[in-house]
Amino acid sequence: MPWSNQNGGGGPWGGGGGNNQGPWGQGPNRPRGGGGGSGNGGPPDLEEIIRRGQNQLKNVMPGGINGGVVVIALLLVGVFWLMNSIYTVQPDERGVELRFGKPKQEISMPGLHFHLWPLETVELVKITEQQQNIGRRAAASSSDNSSLMLTGDQNIVNVQFSVLYTVTDPQSYLFNLEYPAETLQQVSESAMREVVGRRPAQDIFRDNRQAIAEGVKTTIQATMDAYGAGISINTVAIEDAAPPREVADAFDEVQRAEQDEDRFLEEANQYANQKLGGARGQAAQIREEAAAYKDRVVKEAEGEAARFLSIYEQYKVAPDVTRKRLFLETMEGVMKNSKKVIIDEKQGGQGVVPFLPLNELGRATTQQQQSTGGTQ
């Protein structure tokens with residue numbers, strides 16, 4: 001043995017005989033029960049420990065271990081049921097509760113709500129504005145011809161557009177149509193084909209897109225209302241309209257030719273307006289001059305007539321005096337610019353009396369003044 005047995009067989013702790021003490025002055029602990037042990041020196045009784053634990057568990061939980069498991073299971077089931085019975089509706093959503101699959105009339109507004117799950121369930125619907133994109137480039141998918149449409153003038157165009165809508169009636173949106181989004185897409189394509197098919201290609205390219213979009217919006221709304229979809233169409237926006245890529249060059253050439261035609265027409269109209277404006281101005285000037293000439297001639301005639309009448313009135317009063325005055329005035333007007341020679345009748349007309357050359361004197365004086373002014 002590795003230890004000394006001289007102390008009376010007390011073992012390695014130095015105890016002996018009946019003391020059986022350990023190295024700290026006391027023997028090993030023993031179970032407090034009287035029976036079931038393996039003697040004073042045996043190990044603790046495991047069954048006693050288990051029995052004591054069961055007693056304590058009975059004091060804490062009625063029914064013991066089996067009853068506690070049942071209670072825990074019931075609590076877990078209750079928590080799970082409560083979690084499924086409480087739901088939240090976001091501000092941009094509305095909820096429709098179903099009892100045994102049949103929708104209720106009430107609409108769940110935003111906030112926390114309670115329903116009896118699983119007898120009742122809830123469907124949530126977004127009511128904010130949503131966008132449905134329709135049509136795509138033919139180049140992106142050569143096999144997809146959903147966006148190719150035939151116009152009223154037998155041309156093919158590739159139309160891409162989007163539909164903005166909101167859900168106004170969640171019950172109708174959920175239960176009147178099985179697939180409302182797919183239905184809206186098909187109705188939108190059909191409406192666009194119908195409206196485009198009644199118009200020339202030029203309208204969809206650039207001339208009248210807004211009117212086409214309004215017509216498509218009206219058609220979509222009427223169709224979805226007939227289906228009871230609970231959808232309100234807000235806007236139809238035509239994002240792009242282009243010819244198929246196989247004939248894109250030809251369409252571009254036609255567009256350039258039309259632009260040249262418009263430019264030539266504009267230049268011709270500008271030239272015509274310029275010439276027409278000038279001609280109208282000249283015509284107005286001629287008319288004004290003619291009117292002025294007419295007024296002048298009429299006024300002169302009226303003045304001459306008034307003068308003649310005034311002279312005639314004076315002539316009736318004193319005919320001799322008036323006749324002589326008219327003669328003198330007439331002779332004055334006739335002989336004013338002619339050369340004159342004065343003859344003295346008292347001389348018997350035999351010789352010419354020297355006369356004063358008034359005309360030459362006046363002409364010489366004028367010439368002298370002009371020459372003097374030029375030298376200065």
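Predicted model, so just to flag it, every value in this text is computed and none were measured.
The two atoms that bring Ile220 and Ala191 nearest to each other are CG1-CB, 3.7 Å, heavy atoms only. Val96 and Pro170 get closest at one heavy-atom pair: CG2-CB, 3.9 Å.
The hydrophobic clustering, which links ILVMFWY residues whose side-chain heavy atoms are closer than 4.5 Å, places Val317 and Phe327 apart. Residues Phe114 and Trp117 are members of one and the same hydrophobic cluster, defined by side-chain heavy-atom contacts under 4.5 angstrom among Ile, Leu, Val, Met, Phe, Trp and Tyr. A chain of hydrophobic side-chain contacts below 4.5 Å, direct or via other Ile, Leu, Val, Met, Phe, Trp or Tyr residues, connects Val125 to Leu98. Hydrophobic clustering (ILVMFWY, side-chain heavy atoms < 4.5 Å, transitive): Leu164 and Val159 are in distinct clusters. Hydrophobic clustering of Ile, Leu, Val, Met, Phe, Trp and Tyr side chains at less than 4.5 Å, counting indirect connections, unites Leu328 with Met331.
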I'd like to know whether Glu313 forms a salt bridge (Lys or Arg N to Asp or Glu O under 4.0 Å) with Lys316, so could you lay out the CA-CA distance, the side-chain angles of the two residues, the decisive distance to 0.1 Å, and finally the verdict. CA-CA 5 Å; Glu313 294 296 332; Lys316 289 193 299 182; 3.5 Å; yes
After noting the C-alpha distance and the side-chain angles of Ser162 and Glu239, does the key distance pass the side-chain hydrogen bond (donor to acceptor under 3.5 Å, both in side chains) rule? CA-CA 7 Å; Ser162 60; Glu239 299 174 355; 3.1 Å; yes
Applying side-chain hydrogen bond (donor to acceptor under 3.5 Å, both in side chains), run through Glu214 and Gln210 and close with a yes or a no. CA-CA 6 Å; Glu214 290 297 329; Gln210 186 62 32; 3.3 Å; yes
Between Glu267 and Tyr271, does a side chain to side chain contact (heavy atoms under 4.5 Å, CB included) hold up when you go through it step by step? CA-CA 6 Å; Glu267 292 176 355; Tyr271 178 77; over 6 Å; no
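By the 6.0 Å contact criterion, CZ on Phe308 is open, its count of non-hydrogen atoms from other residues, nucleotides or ligands being 12 or less. The local environment of CZ in Arg307 is sparse, with at most 12 non-hydrogen atoms from other residues, nucleotides or ligands closer than 6.0 Å. More than 12 non-hydrogen atoms from other residues, nucleotides or ligands lie less than 6.0 angstrom from CZ of Arg323. Surrounding CD of Glu332 are at most 12 heavy atoms belonging to other residues, nucleotides or ligands under 6.0 Å away. Annotation for Glu302: atom CD counts as buried by contact number, over 12 foreign heavy atoms lying within 6.0 Å. In this structure, Lys275 places its NZ atom where only 12 or fewer heavy-atom neighbours from other residues, nucleotides or ligands lie under 6.0 Å away. Counting non-hydrogen atoms of neighbouring residues, nucleotides and ligands closer than 6.0 angstrom, the CD atom of Gln105 reaches no more than 12 such neighbours.
Residue Tyr87 shares its hydrophobic cluster (ILVMFWY side chains chained together at separations under 4.5 Å) with Val89, Val122, Leu124.
To the nearest 0.5 Å, atom OH of residue Tyr165 and atom CD1 of residue Ile231 are 6.0 Å apart. For the atom pair CG of Leu119 and CD of Glu97, the computed distance is 12.0 Å after rounding to the nearest 0.5 Å. Taking CD of Gln314 as the reference point, atom CG of Leu326 lies at 11.0 Å (rounded to 0.5 Å).
A salt bridge links Arg256 with Glu253; the closest basic N to acidic carboxylate O contact falls under 4.0 Å.
Proximity of Glu120 to Lys104: side-chain heavy atoms (C-beta onward) are separated by under 4.5 Å at one or more points. Annotation: side chain of Gln171 is in contact with side chain of Ile107 (closest heavy-atom distance under 4.5 Å). Counting heavy atoms from C-beta outward, Leu184 and Met224 have side chains that approach closer than 4.5 Å. With contacts defined as side-chain heavy-atom distances shorter than 4.5 Å, the pair Thr166/Gln130 does not qualify. Between Thr183 and Tyr227, some side-chain heavy-atom pair lies under the 4.5 Å cut-off.
Within the structure, salt bridge (charged side-chain N to carboxylate O under 4.0 Å, His left out) contacts touching residues 287-296 (residues at least two apart or in different chains) are Arg296-Glu300.
Side chain of Gln221 to backbone of Ile233: a donor-acceptor contact under 3.5 angstrom is found. Side-chain atoms of Asn176 come within 3.5 Å of backbone N or O of Gly228 as a donor-acceptor pair. Side-chain N or O atoms of Lys217 include one that pairs as donor or acceptor with a backbone N or O of Asn234 at under 3.5 Å. Without hydrogens or angle criteria, Arg193 side chain to Leu148 main chain gives a donor-acceptor distance under 3.5 Å.
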